[in-house]
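The structure presented is a predicted model; accordingly, all values stated were derived computationally and were not measured.
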Amino acid sequence: MKNSVLIIEDDHSIIEMVESYLTKDGYDVTIATNGEEGVIRFGEAQGQFDLVLVDLMMPKLDGMEVIKMIRDRSLVPILIMSAKDGDVDKAIGLGFGADDYIAKPFSMIELSARIKAIIRRATQYSNIEIKAETEPMLMMGDLRIDLNNYTVFKNEESLKLTSKEFELLKLFAAHPNRVYTKAQIYNQIWNDEYYGDENVINVHMRRLREKIEDNPSEPRYIKTLWGIGYKWEGG
């Protein structure tokens, strides 16, 4: 079965190059030449795309708005491709929910490799997420997480976690490699709007790491993405 890719890009020379290469590489490709059209095409597909390629600088709706609108309704992998190559742009883009970033000009070999890696990761981790929803026990590295009984064991030794620490652990472990901003974490764990007070999140994250990590200053499980948020990498 072919993987399906949506390209949202206003530069016709890039569209032609990427569409031609990906089609020869075995992908089904759909094109949108501005942000507004991209959101419409995504909605029409009803979740059939395996990956979205999106430019940042586009007419009608810019790439950031497109990413936010898609992310509001789907966890589909999103790869930013843009000439804006500053760290701030990367942080903002990934913070809004994109999975990766490639700077223009790029080689098609590199783009193809990125796409294959992202889709492979998404497939792998979606299987873990399904398992987390259907099975009450998660085995992650030397951790055993019992979702039904709210208990955690590290090398078969019971860890004493508060309810918020457990909810944080469950959020990350059940969604490996997904980046969460502090606003998203606060909204999901504290069920409230985030107004920029990082202290409550930082304190809980520090305490959780002290309990689950061998070396909290060099965490194996929950990694910090400076300026963006956190994600689970261990396993």
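Under the 4.0 Å criterion applied to side-chain N and carboxylate O atoms, Glu165 and Lys211 are assigned as salt-bridge partners. Between Glu44 and Arg41 there is a salt bridge, since a side-chain N of the basic residue sits under 4.0 Å from a carboxylate O of the acidic one. A salt bridge does not link Lys2 to Asp50: none of the charged nitrogens lies less than 4.0 Å from a carboxylate oxygen. Salt-bridge annotation for Glu156 and Arg144: present, with a side-chain N of the basic residue lying under 4.0 Å from a carboxylate O of the acidic one.
A donor-acceptor contact closer than 3.5 angstrom links the side chains of Glu37 and Thr33. Under the 3.5 Å distance criterion, with hydrogens and angles disregarded, a donor-acceptor pair is assigned to the side chains of Asn202 and Lys182.
Applying the side chain to side chain donor-acceptor pair (under 3.5 Å) test to pairs two or more places apart or on separate chains, those with a residue in residues 4-13 are Glu9-Lys104, Asp11-Ser13. The salt bridge (Lys or Arg N to Asp or Glu O under 4.0 Å) analysis of residues 57-66, with sequence neighbours excluded, yields the pairs Glu65-Lys68.
Under the 4.5 Å side-chain criterion, counting only non-hydrogen atoms from C-beta, Trp232 is not in contact with Asn177. Counting only heavy atoms from C-beta outward, the side chains of Leu79 and Val54 never approach each other to under 4.5 Å. Using a 4.5 Å heavy-atom cutoff, the side chains of Met139 and Leu143 are not in contact. When side chains are defined from C-beta on, Ile8 counts as touching Leu6, because their heavy atoms get closer than 4.5 Å. Counting heavy atoms from C-beta outward, Ile67 and Ile80 have side chains that approach closer than 4.5 Å. The closest side-chain heavy-atom distance from Met81 to Ile7 is below 4.5 Å. Within the 4.5 Å cutoff, the side chain of Val5 has no heavy atoms near those of the Thr30 side chain.
Val203 and Leu168 fall into different hydrophobic clusters, where Ile, Leu, Val, Met, Phe, Trp and Tyr residues are linked whenever their side-chain heavy atoms come under 4.5 Å apart, directly or through other members. Each of Ile212 and Phe153 belongs to its own hydrophobic cluster when Ile, Leu, Val, Met, Phe, Trp and Tyr are linked at side-chain heavy-atom distances under 4.5 angstrom. With hydrophobic clusters built from ILVMFWY side chains whose heavy atoms lie under 4.5 angstrom apart, Ile15 shares a cluster with Phe106. Cluster membership check: Ile40 does not share its hydrophobic cluster with Leu51, using side-chain heavy-atom separations under 4.5 Å among Ile, Leu, Val, Met, Phe, Trp and Tyr.
Remark: side-chain polar atoms of Thr23 are paired, donor with acceptor, to backbone N or O of Glu19 under 3.5 angstrom. Side-chain atoms of Glu213 come within 3.5 Å of backbone N or O of Arg220 as a donor-acceptor pair. Panel note: side chain Asn155, backbone Glu157; no donor-acceptor pair is recorded below 3.5 Å. One N or O on the side chain of Gln184 and one on the backbone of Thr181 form a donor-acceptor pair closer than 3.5 Å. Without hydrogens or angle criteria, Arg207 side chain to Glu210 main chain gives no donor-acceptor distance under 3.5 Å.
The ring-ring contact (aromatic ring centres under 6.0 Å, His included) test applied to Tyr150 returns Phe166, not counting sequence neighbours. Evaluation of the side chain to side chain contact (heavy atoms under 4.5 Å, CB included) rule for Met69 yields Val39, Leu61 as partners, not counting sequence neighbours. For Asn215, the side-chain hydrogen bond (donor to acceptor under 3.5 Å, both in side chains) test picks out Ser217, with sequence neighbours left out. Taking the ring-ring contact (aromatic ring centres under 6.0 Å, His included) definition, one finds that Phe42 meets it with nothing, sequence neighbours left out.
Aromatic ring centres of Tyr180 and Phe172: separated by under 6.0 Å.
Counting all heavy atoms, side chain and backbone alike, Ala173 lies closest to Ile145 at CB-CD1, 3.8 Å. For the pair Gly35 and Val66, the tightest heavy-atom approach, listed with the atom from each and the gap, is CA-CG2, 3.5 Å.
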